[in-house]
**Student:** 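This is the structure, below, for whatever I ask next.
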Amino acid sequence: MLLSQFQNEFVEAGCDEAGRGCLAGPVFAAAVIFPKDYYNPILNDSKKLSEKKRNELRPIIEREALAFAVCSVTPQEIDKINIHNASYKAMHLALDALSLTAEYLIIDGNKFIPYQTVPHTCIVKGDGKYLSIAAASILAKTYRDEFMDRIADEFPQYEWRSNKGYPTIVHRKAVLEHGPSIHHRRTFRVTDPQLKLEL
């Protein structure tokens, strides 16, 4: 069972991102503040849930959270400041957009760039330990998947509806055959060990 709070003194927001390891598309991040004694037995790390279950949970999270926000950073910005900084920037933007001020942050992972003067704790695999981080992972993932589905029809050769921009064999093969799109991150190296390129 996931925990509702890391600490009980301050208003706490959980943060997570989606799309860090993708070849294409923005990186998305979400911040979620739940009531202190919030309980939801179904909420879990987005990677452990089916797409159907994530989409079912999204409106529940948005309805039951005291505050939530989802923001993104473009591929062009990712290329400019690198994916790690872009991930933290997306989290900062989400925190800026909250309708309720977070007084304490719990961050999925082991690194974070401090947000203003708000204290934080990084929690490895936090999306499988705390409800607010799990909720943030679901929001970031569903909003990002929705974005990738929207742009997929413009560039059908990359099959983004199925891979969401991640470096699958099909996606890497398409990049090598057709070149990158305007949505690709140019600083990400595209290789495919299963392909033999004829020069």
Side-chain angles (χ1 to χ4, degrees), residues 1-22 25-51 53-73 77-78 81-145 164-166:
M1 185 188 304
L2 274 61
L3 302 172
S4 61
Q5 296 279 124
F6 178 77
Q7 53 74 52
N8 290 307
E9 187 176 354
F10 304 106
V11 175
E12 182 175 286
C15 298
D16 201 2
E17 53 74 31
R20 183 178 290 201
C22 294
V27 61
F28 276 66
V32 176
I33 298 174
F34 279 134
K36 285 193 175 180
D37 295 323
Y38 182 72
Y39 173 71
N40 187 322
I42 305 169
L43 264 184
N44 206 338
D45 170 7
S46 64
K47 295 183 290 297
K48 296 178 182 176
L49 301 171
S50 67
E51 182 178 4
K53 184 59 69 176
R54 288 194 297 267
N55 288 330
E56 288 173 356
L57 282 166
R58 176 167 140 182
I60 295 172
I61 293 165
E62 294 178 349
R63 183 174 66 249
E64 297 181 352
L66 295 175
F68 75 90
V70 184
C71 292
S72 63
V73 171
E77 184 80 354
I78 291 169
I81 64 175
N82 81 45
I83 186 58
H84 298 292
N85 288 327
S87 298
Y88 305 140
K89 180 175 180 177
M91 289 185 189
H92 286 199
L93 290 171
L95 290 164
D96 286 342
L98 287 173
S99 60
L100 185 64
T101 301
E103 299 170 341
Y104 197 93
L105 309 176
I106 51 174
I107 312 295
D108 183 58
N110 60 1
K111 291 181 181 178
F112 184 61
I113 294 175
Y115 174 73
Q116 299 179 6
T117 58
V118 182
H120 72 269
T121 297
C122 293
I123 301 168
V124 175
K125 297 184 179 178
D127 47 4
K129 297 174 182 175
Y130 290 91
L131 290 167
S132 62
I133 301 180
S137 77
I138 291 167
L139 293 187
K141 173 68 173 165
T142 56
Y143 274 78
R144 188 180 188 282
D145 285 356
K164 309 303 184 192
Y166 282 90

**Student:** Do E12 side-chain atoms and Q7 backbone N/O form a donor-acceptor pair below 3.5 Å?
**Tutor:** yes

**Student:** For the pair K53 and E56, find out whether any cationic side-chain nitrogen is under 4.0 Å from an anionic carboxylate oxygen.
**Tutor:** yes

**Student:** Taking all atoms of both residues into account, what is the closest heavy-atom pair of A31 and A94, and its distance?
**Tutor:** N-CB, 3.9 Å

**Student:** Should Y38 and L43 count as side-chain neighbours, where that means a heavy-atom distance under 4.5 Å?
**Tutor:** yes

**Student:** So, taking the atom named SG in C15 and the one named CG in L105, what distance separates them when rounded to the nearest 0.5 Å?
**Tutor:** 5.5 Å

**Student:** Are any non-hydrogen side-chain atoms of F34 and N40 less than 4.5 angstrom apart?
**Tutor:** no

**Student:** How long is the span from the CG atom in L131 to the OG atom in S4, to the nearest 0.5 Å?
**Tutor:** 6.5 Å

**Student:** Can you find a pair of side-chain heavy atoms, one from R54 and one from D145, that are under 4.5 Å apart?
**Tutor:** yes

**Student:** If you measure from CD1 on I133 to CD1 on I138, what distance do you get to the nearest 0.5 Å?
**Tutor:** 12.5 Å

**Student:** If you round to the nearest 0.5 Å, how far is CG of L98 from CG of L93?
**Tutor:** 11.5 Å

**Student:** Which atom pair, heavy atoms only, marks the closest approach of E64 to P35?
**Tutor:** O-CD, 3.7 Å

**Student:** Could you tell me whether the side chain of S132 reaches within less than 4.5 Å of the side chain of I106, counting heavy atoms only?
**Tutor:** yes

**Student:** For the residue pair F28 and V70, what are the closest heavy atoms and their distance?
**Tutor:** CD2-CG1, 3.9 Å

**Student:** With heavy-atom distances below 4.5 Å as the criterion, would you say the side chains of Y115 and M91 are in contact?
**Tutor:** no

**Student:** Heavy atoms only: give me the nearest K36-Q5 pair and the separation to one decimal.
**Tutor:** O-CG, 3.4 Å

**Student:** At their closest point, which heavy atom of A29 faces which heavy atom of S87, and how far apart are they?
**Tutor:** CB-O, 4.4 Å

**Student:** If only atom types and distance count, is the side chain of R144 paired as donor or acceptor with the main-chain N or O of S72 below 3.5 Å?
**Tutor:** no

**Student:** Donor-acceptor pairs under 3.5 angstrom involving side-chain atoms of residues 116-130: please list them, not counting sequence neighbours.
**Tutor:**
residue, atom, partner, partner atom, Å
T121, OG1, Y104, OH, 2.5
D127, OD2, K47, NZ, 3.0
K129, NZ, V124, O, 2.9

**Student:** Under the criterion side-chain contact (heavy atoms from CB on, under 4.5 Å), which of I113, V73, V27 is the partner of K89?
**Tutor:** V73

**Student:** Can you tell me how far CG of N85 sits from CD1 of I78, rounded to the nearest 0.5 angstrom?
**Tutor:** 11.0 Å

**Student:** Compare every heavy atom of L139 with every heavy atom of A30, then report the nearest pair and how far apart it is.
**Tutor:** CB-CB, 3.9 Å

**Student:** How long is the gap from CD1 on I83 to OH on Y88, to the nearest 0.5 Å?
**Tutor:** 10.0 Å

